[in-house]
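Throughout, protein chains are lettered first and strands after them, A, B, ... in sequence-line order, and every chain is numbered starting at 1.
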2 protein chains.
Amino acid sequence: MNKCDQCIVRQLSSLKALNKEEIIKLANSKTTYKVKKGEALFEEGEVTNGVFCVKDGVGKLSKLSANGKDQIVKLVKSGELLGQRSMISNEPANLTAKAIADMEVCFIPKTEIINFFNSNNQFSLNMMQSVCEDLKESENEKIALVQKTVKQRLAETLLHLHSEFGEDADKTLKVQLTREELAGIIGTATESCIRLLSDFNKLGLIELVGKKIMLKDVRSLKKLADN
Amino acid sequence: MNKCDQCIVRQLSSLKALNKEEIIKLANSKTTYKVKKGEALFEEGEVTNGVFCVKDGVGKLSKLSANGKDQIVKLVKSGELLGQRSMISNEPANLTAKAIADMEVCFIPKTEIINFFNSNNQFSLNMMQSVCEDLKESENEKIALVQKTVKQRLAETLLHLHSEFGEDADKTLKVQLTREELAGIIGTATESCIRLLSDFNKLGLIELVGKKIMLKDVRSLKKLADN
DNA sequence: TTATTAAGATGATAATTGTCATGTTTCATT
DNA sequence: AATGAAACATGACAATTATCATCTTAATAA
């Protein structure tokens, strides 16, 4: 009996294709550690040489621009893998990965993953599909970024955060992003983001509970987002 | 001796990992045909059930938005594969593929590709790396779309088209896009695109030779693009 | 607790970009 | 060569969004 067997990442990610033997190998080669909110798992340009399993917490993949703004490309939650692309491409990381909420992660060295690729076809296929999924999402977001207004993108992002991460007991969004981070996802200035949140609040679409956000009128938000 | 053996796609794409036997199988299962400029290879939502090899010509992957604008996600040139993502994900096409210049393509059925996946690990890995490459590009373009102005994106795109597709004997860009298509790549209104081309022309960065574009000051364009 | 800093909020204004209208050029077709 | 359609071009104007300044509130450290 070992821990990886019951791990959420094993259940949700490409790793689900691994058999018992392989899971044992995995358990022996992995290293587990914690990453505090705000800390980086890896930075752009770094050679990671492996894959990270997110057991708990939330992370963001982002890139710093010349003007100092941090564009967030993707949020990662527990059960997902991180750093697959760089590993497969044999390249240093293209993005920086930071914890948005305290994280617990396992690191699997590249050599081990390559072994799995060679011994387990379904695992390869899963990994491929996962990258394909990321690609599709990235392309669709790229389109949304150009074809929708900031207002629409904000509505869309709020809905996405809601369905992806759920809500707390007080009905507010579980992922707690700063306004700056939220602006970094939708690709706008922090002030514009704040202003629109304020507008949404006045319109009764959302409610601002301190720094937290509660979705109040999902239907109208949806209508706003995709029209 | 068969045609696939010498094909440019075989030399440049993931297919380079295939051995002689596999190439023969490939040659027997593929179908070749032509696609005229403006015609579609496949449309969004269509189930393609295979992969397309681009032997000659240029294609665009795009998505039509609600307001009737066609956002171009990627250009494809000879030597590249098309439709890998949908095939791997088992999903209908997310984008529409159309010919920008008369194309000659081969269609490889999915069953054949799956066989190669199972028999040839390097082929799987190549395919994975190719999707990863697309993902990286897509993410970087997504960032550029938000963090750069339309002017910067136009400069960047012109340089990209130049390095990717080269120039004709008269020094103008080889890919001939309409202003509307160019606008669709950089994600702006056609009029804005035309206006900026006109500005670039006046500034001596480019020269407009009828509908064709000649890059005249690559250095300044570069400076403009990434600052 | 107080001081200090970071995050959030809002107004005023400027810059960028989109939209609509209209005219010109180019190209294909009869 | 005449016609019509599509592509290109440009002006005028409106809408969106960014930037700068300032203020309030919340969080953190001394």
> So, taking the atom named CG in L15(A) and the one named CD1 in I8(A), what distance separates them when rounded to the nearest 0.5 Å?
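Going from the CG atom of L15(A) to the CD1 atom of I8(A) covers 12.0 Å.
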> Send over the distance from Q71(A) CD to dA18(D) P, rounded to a whole Å.
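Taking atom P of dA18(D) as the reference, CD of Q71(A) is at 11 Å.
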> Could you tell me the separation between the CZ atom of R195(B) and the C1' atom of dA7(D), rounded to a whole number of Å?
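Rounding to the nearest Å, CZ of R195(B) and C1' of dA7(D) are 15 Å apart.
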> D199(B) CG to dT10(D) P: how many Å, rounded?
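These atoms are roughly 9 Å apart.
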> Hey, what do you get for CG (L197(B)) to CG (L208(B)), rounding to the nearest 0.5 Å?
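The distance works out to 6.0 Å.
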> In whole Å, I'd like the distance from the CD atom of E191(A) to the C1' atom of dT17(D).
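One finds 11 Å between C1' of dT17(D) and CD of E191(A), rounded.
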> Without decimals, in angstroms, what is the distance between Q147(A) CD and dT16(D) P?
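Roughly 17 Å, once rounded to whole Å.
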> For a salt bridge (Lys or Arg N to Asp or Glu O under 4.0 Å) check, start with the C-alpha distance between R179(B) and E191(B), then their side-chain angles and the critical distance, and finish with the verdict.
CA-CA 8 Å; R179(B) 306 293 193 249; E191(B) 297 93 325; over 6 Å; no
> So, K174(A) and E167(A), do they make that salt bridge, N to O below 4.0 Å?
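Answer for the salt bridge query: no.
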> Distance check needed: dA18(D) C1' versus K151(A) NZ, whole Å only.
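Whole-Å distance recorded here is 16 Å.
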> Tell me whether the NZ or CZ atom of K30(A) lies within the 45° cone about the ring axis of F107(A) and under 6.0 Å from its centre.
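Ring-cation test returns no.
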> When rounded to the nearest 0.5 angstrom, what distance separates OG1 in T96(B) from CG in L61(B)?
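Spacing of OG1 (T96(B)) from CG (L61(B)) equals 9.0 Å.
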> Please lay out, stage by stage, how D102(B) and K34(B) fare under the test salt bridge (Lys or Arg N to Asp or Glu O under 4.0 Å).
CA-CA 7 Å; D102(B) 291 0; K34(B) 285 169 196 276; over 6 Å; no
> Between dT10(D) atom C1' and L197(B) atom CG, what is the distance in whole Å?
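Whole-Å distance recorded here is 13 Å.
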> Under a 4.0 Å heavy-atom cut-off, which of residues 203-218 of chain A touch DNA chain D?
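Those residues whose heavy atoms fall under 4.0 Å from DNA chain D, taken from residues 203-218 of chain A in numerical order, are K211(A).
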> With heavy atoms of chain B within less than 4.0 Å as the criterion, where does contact along DNA chain C begin and end?
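Range of nucleotides touched by chain B: dT17(C) to dC20(C).
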> When we call it a touch if two heavy atoms are under 4.0 Å apart, what does T190(B) touch: a base, just sugar-phosphate, or nothing?
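The residue T190(B) makes no contact with any strand.
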> Measure the distance from CD on E180(A) to P on dA18(D) and round it to the nearest whole Å.
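Those two atoms, CD and P, are 14 Å apart.
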> To the closest 0.5 Å, what do you measure between CG (L95(B)) and CD (E139(A))?
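That separation rounds to 5.0 Å.
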> Look at all strands and tell whether T178(B) reaches a base, only sugar-phosphate, or nothing, counting heavy atoms closer than 4.0 Å.
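Sugar-phosphate, no base atom in range.
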> Would K98(B) and E39(B) pass as an ion pair if we require N to O under 4.0 Å?
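A salt bridge is absent here (no side-chain N lies under 4.0 Å from a carboxylate O).
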